[in-house]
Student: 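Take a look at the following structure, please.
Chain letters run A, B, ... following the sequence lines, proteins first and then strands; every chain starts at 1. All of these numbers come straight from a predicted model, not from anything done at the bench.
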Amino acid sequence: MGADTFRYSSPLGELSYCWDGEVCREVNLLDAPADNPTGSDPIREWLDAYFSGEVLALPPLAAARSPFQASMRQCLLNIPRGETLSYGEAAKQLGTAPRAMGQALGANPLPILIPCHRVVAAHGLGGFSCGLEWKRRLLAFESGGTKL
DNA sequence: GCATTTGTGGCTT
DNA sequence: AAGCCACAAATGC
């Protein structure tokens with residue numbers, strides 16, 4: 001299938017996403033400069049809104065790899081902007097163990113779209129698959145200035 | 001207060 | 001099936 005990877009220059013950094021024309025398959029947070037991307041698709045619109053401080057309904061996303069990841073996805077989406085949830089609390093809601101939460105979150109192929117960055121450790125920041133810097137930026141962006 | 005250990009469940013290979 | 005992990009709570013120092 002013609003799944004292509006598009007770039008997006010956000011105020012917080014560069015990121016790329018894999019849009020196959022129907023669903024968003026994957027999202028990657030980069031740390032290198034990129035060209036100003038062009039094109040229009042639901043993902044870009046969503047990102048555009050997101051980085052403007054707005055919250056939209058999510059574009060079509062690729063199905064979760066496992067039922068648990070689906071649950072986790074919903075749990076994460078339930079976290080309001082600017083709020084954070086500890087791994088422990090999230091695990092509680094999902095009826096699982098904190099450690100499993102971390103692993104599941106790390107396995108999440110759709111960061112930002114699925115706000116996995118809103119899940120932090122109980123007594124620290126925790127970790128982030130695509131680089132902790134992104135997590136910091138995102139959290140600072142969300143909690144600090146709702147707008148840019 | 002910090003370092004170590006254990007309980008825990010799902011993910012990747 | 002085995003090992004790995006982005007945690008947390010309980011101990012030990």
Student: Contact boundaries of DNA chain B with chain A (under 4.0 Å, heavy atoms), 5' to 3'?
Tutor: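 It runs B:dG7 to B:dT12.
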Student: Under 3.5 Å, side-chain donor or acceptor atoms of residues 99-110 of chain A against the rest of the protein: list the pairs with distances, not counting sequence neighbours.
Tutor:
unit_1: A:Asn108; atom_1: OD1; unit_2: A:Leu110; atom_2: N; d: 2.9
unit_1: A:Asn108; atom_1: ND2; unit_2: A:Leu110; atom_2: O; d: 3.4

Student: Reading DNA chain B 5' to 3', how would its secondary structure be written in dot-bracket notation, given Watson-Crick and G-U pairs with both distances under 3.5 Å, brackets [ ] for crossing pairs and | for partners on other strands?
Tutor: |||||||.|||||
Student: Might you point out which heavy atoms bring A:Asp31 and A:Glu133 nearest each other, and give the distance in Å?
Tutor: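 For A:Asp31 versus A:Glu133, the nearest heavy atoms are OD2-OE1, 3.6 Å.
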Student: Would you call the rings of A:Tyr8 and A:Phe51 parallel, tilted or perpendicular, taking 30° and 60° as the class edges?
Tutor: parallel
Student: Select from A:Phe68 and A:Pro98 the residue whose nearest nucleotide in DNA chain B is closer to the 5' end of that strand.
Tutor: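 In this pair, the answer is A:Pro98.
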Student: Can you tell me the distance, in whole Å, between the NE2 atom of A:His123 and the C1' atom of C:dA8?
Tutor: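 Rounded to whole Å, this separation is 12 Å.
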Student: Can you tell me if A:Lys135 uses its side chain to pair, donor with acceptor, with the backbone of A:Cys116 under 3.5 Å?
Tutor: no
Student: Measure the spacing between CZ of A:Phe68 and CG of A:Leu94 and express it to the nearest 0.5 Å.
Tutor: 6.0 Å
Student: Determine whether any donor atom in the side chain of A:Tyr87 lies under 3.5 Å from an acceptor atom in the base of C:dA6, or the reverse, and answer yes or no.
Tutor: yes
Student: Using whole Å, what does the distance between atom P of nucleotide C:dA8 and atom CD of A:Gln93 come to?
Tutor: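 The answer, rounded to whole Å, is 14 Å.
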Student: Between A:Arg81 and A:Tyr50, is NZ or CZ placed under 6.0 angstrom from the six-membered ring centre and within 45° of the ring axis?
Tutor: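 Judged by the rule, A:Arg81 and A:Tyr50 form a cation-pi pair.
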Student: How long is the straight-line distance from CG of A:Leu77 back to CE of A:Met72, given to the nearest 0.5 Å?
Tutor: 9.5 Å
Student: Within the distance-only criterion (no hydrogens, no angle test), does the side chain of A:Trp46 pair as donor or acceptor with the backbone N or O of A:Asp41 below 3.5 angstrom?
Tutor: no
Student: What does A:Thr96 touch in the nucleic acid at a heavy-atom separation under 4.0 angstrom: a base, only the sugar-phosphate, or nothing?
Tutor: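 Result for A:Thr96 = sugar-phosphate.
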Student: Judged by each residue's nearest nucleotide on DNA chain C, which is more toward the 5′ side, A:Ala121 or A:Ala100?
Tutor: A:Ala100
